[in-house]
Amino acid sequence: MSTSEDLGRKWTEPEAYAIKFPEGTDTSLKQIWQIVPGHADEADTLFCGVEPAALFRSDDAGESWSLVTGLHDHPHRPQWQPGGGGLCLHTILPDPANKQRMHVAISTGGVYRTDDGGQTWNPRNVGVRAQFLPPEQRYPEFGQCVHKIVSHPTKPDRLFLQNHWGLYRTDDAGDSWTDIANGVPSDFGFAIESDPGDANTAYIIPLESDEFRCTPEAKLRVYRTRNAGDSWDPLTNGLPQENAFETVLRDGMSADELQPTGLYFGTRNGKLFGSHDAGESWETIEEGLPPVVCVKTSIVH
């Protein structure tokens, strides 16, 4: 893992890569999916999600990493199956109010939560359907193809989930999920983001289907809820509404913490869009980029 301490002007390449499976696990690292910081008072703690699905932890700012064996040795692990993007642990959500609690999302394993600092993990998928399974098996304990989960810094028990077919909210930290696909053109998609300034507000970019993974009707629309998913409104001002065959991936949308909220997303066609007013209006920031797979925001003072 390369690191930079000057906002990306210079990068340090390690002599040896520290994120690797221990000898004896019969597993090798294929890809790093996400790196996130730990809690605010643990400045040197980082977590890393990888493919094949596993979680690593560093307590020295990434100099060394250790496998979180409580998840790696979970009895469900041999039954997890790879999604279209591989068997990946793609999302890590430490609970800002509880050091012992964390949610992770695995495709296709579902959502898992620890309440004891990573020693044990339990599936948290009640109410989330696995559309690709036979009708009588569509609500399993685990095995859902969750595409993305997001939480809110001031209300961590509320999470939003974009599934491989399905849009959900939980208000009890994942113990149960409620379907909130109310009035959206499709409940298939990847990207979902919560508004840091309002726990009731979230954003999605629906795609037509798992067979045609472009925006419905070739219209690029961001959908916003301001009532925790009871209803959704399309945000289109400044976005192309004709021949917009765009795809936004799971990490392709991000919000900042300014007021009003800034929102940004990139597409597989190499376009980057931004809004400085919580999605009310949009502008094209850049075109002609390589496929945009990840967008992150940072406020630099």
Determine whether the side chains of [X] and [Y] contain a donor N or O and an acceptor N or O closer than 3.5 Å.
| X | Y | value |
| --- | --- | --- |
| T267 | N269 | no |
| T91 | K148 | yes |
| N125 | Y112 | no |
| H164 | D210 | yes |
| D195 | Y203 | yes |
| T120 | N122 | no |
| N237 | S281 | no |
| R124 | H103 | no |

Is [Y] close to [X] at the side-chain level, that is, under 4.5 Å between some pair of heavy atoms?
| X | Y | answer |
| --- | --- | --- |
| D233 | Y223 | no |
| L167 | I204 | yes |
| R77 | H72 | yes |
| F132 | W165 | no |

Plane angle bin for F21 and F56 - parallel if under 30°, tilted between 30 and 60°, otherwise perpendicular: perpendicular

Parallel, tilted or perpendicular: rings of H76 and H74 (30°, 60°): tilted

Approximate separation, where rounding is to 0.5 Å, of T201 OG1 and L263 CG: 11.0 Å

Crowding at [atom1], [X] (>12 non-hydrogen neighbours, <6.0 Å):
| X | atom1 | result |
| --- | --- | --- |
| Q259 | CD | yes |
| Q137 | CD | yes |
| E13 | CD | yes |
| E23 | CD | no |

Ring centroid separation W282 to F273 under 6.0 Å: no

Taking every non-hydrogen atom, the tightest pair across [X] and [Y]:
| X | Y | value |
| --- | --- | --- |
| A228 | I180 | O-CG2, 4.0 Å |
| S186 | P206 | O-CB, 3.5 Å |
| R138 | L133 | NE-O, 2.7 Å |
| Q81 | L87 | O-CD1, 3.6 Å |
| Y264 | V295 | CB-CG1, 4.0 Å |
| T27 | P52 | CG2-CG, 3.3 Å |

Check against side chain to side chain contact (heavy atoms under 4.5 Å, CB included), H90 and E51: CA-CA 8 Å; H90 54 70; E51 178 193 350; over 6 Å; no

Expected output: side-chain D59 to main-chain T45 donor-acceptor under 3.5 Å: no

Main-chain N/O of T284 paired to E286 side chain as donor or acceptor, under 3.5 Å: no

Verdict with reasoning, R158 to H152, per side chain to side chain contact (heavy atoms under 4.5 Å, CB included): CA-CA 7 Å; R158 167 170 288 173; H152 195 270; 5.6 Å; no

Check against side chain to side chain contact (heavy atoms under 4.5 Å, CB included), D175 and V126: CA-CA 7 Å; D175 288 342; V126 173; over 6 Å; no

Residue that, paired with N163, satisfies side chain to side chain contact (heavy atoms under 4.5 Å, CB included) out of Q144, H147, Q131: Q144

Derivation and outcome, side chain to side chain contact (heavy atoms under 4.5 Å, CB included), residues T170 and F160: CA-CA 7 Å; T170 178; F160 294 95; over 6 Å; no

Salt bridge or not for [X] and [Y], using N-O below 4.0 Å?
| X | Y | result |
| --- | --- | --- |
| D187 | R129 | yes |
| E208 | R213 | no |
| D41 | K99 | yes |

Atom pairs and distances, donor-acceptor, side-chain atoms in residues 61-71, under 3.5 Å, two or more places apart:
{"from": "S64", "atom 1": "OG", "to": "D60", "atom 2": "OD1", "distance (Å)": "3.4"}
{"from": "S64", "atom 1": "OG", "to": "D60", "atom 2": "OD2", "distance (Å)": "2.5"}
{"from": "W65", "atom 1": "NE1", "to": "G62", "atom 2": "O", "distance (Å)": "3.2"}
{"from": "S66", "atom 1": "OG", "to": "R57", "atom 2": "O", "distance (Å)": "3.4"}

Any residue meeting salt bridge (charged side-chain N to carboxylate O under 4.0 Å, His left out) with R101, in chain and number order, not counting sequence neighbours: D115, D157

